[in-house]
Amino acid sequence: MFSSSAFRKLSLMAPKRQHFLHSAETSLLGAAAKNPRTLTTTAADSDQNPMKEAFSKYASYLNDLNDKRERVVKASRDITMNSKKAIFQVHRISKHNKEEVLDKAEKDLAAVMDRYMSRLVQELHGTDFWKLRRAYSPGVQEYVEAATFCNFCKTGALLHLDEINASLQTLSDPSIEPLQINLLDYLLGLADLTGELMRLAIGRISDGELEFAQKICSFVREIYRELTLVSPKMDDSSDMKSKMDTMLQSVMKIENACLSVHVRGSEYGSENTSFCLLGVPEIE
């Protein structure tokens, strides 16, 4: 059925296929034999590799720093939550229970200092102040807001940064550099303070304490004036720029409330209606 030429073609193709398979097997065996020589290293060489030792130290340092960051964030949240409790306590103040409310607020702030700020102080030392600033900054700002709020209601004056930092020195070991609240966090806390003072002023006006409300208004305007001189130089702080707008709104709300009392002073039964708007001289 098949011609002689067909058998000849089949006989010529068979050896070529065997030769191809043989060459493929030899090439694969040769590659498998060469790969181990390029990839294998001895255990002694890997243990003494300086690159591996260096990156092991880097990994250990980063893991420790991340663990510390988590602890600092937790402490900052606790400071924020308990500082807000002290602020809420101060808002309960009235002319009948001023001393009682402020004493309770001071005890709350002392508890924040002893329980939570002390944890933060123990975690932060050396360069960690700046490496982890974004982790603990919200809690510090809230504490500054609560401390300055309580101090103003008690003394009518501003609590300075040096006074706050002095109270932190007692929480740390004298041999270790103590935690110091930086100026930026202090100013951001003062910006938040004006919002709480605005709420307090509105509440005092509704209770008829007009002199206290006007005192708050003058105090908030003074803070705003001073910060308007500082904020243009704080190019790296976008938080301050947004808080300056909120602070201006707080000033305007207090002024509008006090102006209503000034215009309709007879309705509130007060003869003291001395008041001027922000930047406007008093009318004699």
Side-chain angles (χ1 to χ4, degrees), residues 78-117 138-161 163-164 167 181 186-227 243 246-262 264-265 267-275 278:
D78 292 337
I79 294 171
T80 300
M81 180 178 62
N82 290 275
S83 296
K84 286 184 180 295
K85 291 181 180 179
I87 293 174
F88 296 153
Q89 177 65 28
V90 175
H91 275 296
R92 298 173 182 170
I93 192 173
S94 67
K95 54 186 177 183
H96 304 294
N97 63 353
K98 180 178 179 180
E99 295 182 359
E100 179 183 356
V101 169
L102 292 179
D103 289 342
K104 179 65 168 60
E106 287 180 344
K107 291 180 181 178
D108 293 340
L109 287 175
V112 173
M113 179 70 71
D114 295 337
R115 297 179 185 177
Y116 307 108
M117 289 294 288
V140 169
Q141 293 177 33
E142 196 69 28
Y143 177 78
V144 169
E145 179 183 357
T148 52
F149 187 37
C150 182
N151 186 79
F152 171 79
C153 292
K154 184 176 182 179
T155 64
L158 178 65
L159 182 66
H160 296 284
L161 177 60
E163 300 177 61
I164 300 177
S167 62
I181 297 176
Y186 176 73
L187 294 179
L188 292 173
L190 285 186
D192 293 333
L193 169 65
T194 58
E196 300 300 334
L197 290 175
M198 180 269 295
R199 298 181 185 92
L200 182 64
I202 300 301
R204 295 307 90 221
I205 290 175
S206 63
D207 289 343
E209 299 182 42
L210 307 182
E211 294 182 0
F212 189 31
Q214 291 180 2
K215 182 179 180 181
I216 293 174
C217 184
S218 300
F219 183 73
V220 172
R221 286 189 300 183
E222 188 66 24
I223 292 178
Y224 180 75
R225 283 196 183 99
E226 296 298 330
L227 288 181
K243 289 187 178 185
T246 305
M247 195 187 314
L248 179 59
Q249 294 177 6
S250 298
V251 174
M252 295 175 62
K253 288 179 181 178
I254 301 175
E255 289 181 341
N256 290 334
C258 292
L259 180 62
S260 299
V261 177
H262 174 75
R264 300 179 299 174
E267 298 180 11
Y268 292 84
S270 174
E271 297 180 356
N272 183 13
T273 58
S274 58
F275 178 74
L278 178 62

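What's counted below: heavy atoms across the whole structure, side chains too, no hydrogens, waters or symmetry copies.
For the pair Glu255/Cys258, no side-chain contact is recorded, criterion being any heavy-atom separation below 4.5 Å from C-beta on. Annotation: side chain of Val140 is not in contact with side chain of Tyr186 (no heavy-atom distance under 4.5 Å). Using a 4.5 Å heavy-atom threshold, the side chains of Ile254 and Val220 count as touching. Using a 4.5 Å heavy-atom cutoff, the side chains of Glu142 and Ile87 are in contact. In this structure, the side chains of Ser167 and Met113 come closer than 4.5 Å at one or more pairs of heavy atoms. You'll find the side chain of Val251 stays beyond 4.5 Å of the side chain of Thr194, heavy atoms only. Cys153 is listed as a side-chain neighbour of Leu200, based on a closest heavy-atom distance under 4.5 Å. Val112 is not listed as a side-chain neighbour of Asp108, based on a closest heavy-atom distance of 4.5 Å or more.
Checked options Leu188, Ile181, Thr80; the residue passing with Gln141 is Leu188 (criterion: side-chain contact (heavy atoms from CB on, under 4.5 Å)).
The neighbour count for Met252 CE, taken as heavy atoms of other residues, nucleotides or ligands under 6.0 Å away, does not exceed 12. The neighbour count for Glu100 CD, taken as heavy atoms of other residues, nucleotides or ligands under 6.0 Å away, does not exceed 12.
Separating the CD1 atom in Ile202 from the NZ atom in Lys253 is a distance of 8.5 Å, to the nearest 0.5 Å. Atoms CG and CZ, on Leu210 and Arg204 in that order, are 11.0 Å from each other to the nearest 0.5 Å. Atom CD in Glu211 sits 10.0 Å away from atom NZ in Lys215 (nearest 0.5 Å). The OG1 atom of Thr148 lies 11.0 Å from the CD atom of Glu163; values are rounded to the nearest 0.5 Å. We find the CG-NZ distance between Leu193 and Lys243 to be 11.0 Å, quoted to the nearest 0.5 Å. Here the CD-CG distance, from Glu145 to Leu159, works out to 13.0 Å after rounding to the nearest 0.5 Å.
The heavy-atom pair separating Ala146 from Ser83 by the smallest distance is CB-O, 3.7 Å. The shortest heavy-atom contact between Ala147 and Leu109 is CA-CD1, 3.9 Å. When all heavy atoms are compared, the tightest approach of Ile79 to Gly139 is CG2-O, 3.3 Å.
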Candidate pair Leu158 and Asn151, rule side-chain contact (heavy atoms from CB on, under 4.5 Å), full reasoning: CA-CA 7 Å; Leu158 178 65; Asn151 186 79; 6.0 Å; no

Step by step, would you call Asn97 with Ser94 a side chain to side chain donor-acceptor pair (under 3.5 Å)? CA-CA 6 Å; Asn97 63 353; Ser94 67; 2.7 Å; yes

Would Lys95 and Asp207 count as a salt bridge (charged side-chain N to carboxylate O under 4.0 Å, His left out) here? Give the steps. CA-CA 9 Å; Lys95 54 186 177 183; Asp207 289 343; over 6 Å; no

Stepwise side-chain contact (heavy atoms from CB on, under 4.5 Å) check, Arg221 with Ser218: CA-CA 5 Å; Arg221 286 189 300 183; Ser218 300; 3.8 Å; yes

Take Phe149 and His91, measure what ring pair (Phe, Tyr, Trp, His ring centres under 6.0 Å) needs, and give me the verdict at the end. CA-CA 10 Å; Phe149 187 37; His91 275 296; 5.1 Å; yes

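Side-chain atoms of Asn82 come within 3.5 Å of backbone atoms of Asp78 as a donor-acceptor pair (strictly under, hydrogens ignored).
Electrostatic pairing of Glu106 and Lys154 counts as a salt bridge here, judged by a charged N lying under 4.0 Å from a carboxylate O. Taking a cutoff of 4.0 Å between a charged side-chain nitrogen and a carboxylate oxygen, Lys107 and Asp103 do not qualify as a salt bridge.
Ring-plane geometry between Phe152 and Phe219 is classed as parallel, the angle between the planes falling under 30 degrees on a 0 to 90 degree scale with a further cut at 60.
At a cut-off of 3.5 Å, with distance as the only test, no side-chain donor of Lys84 or Gln89 sits close to an acceptor on the other residue.
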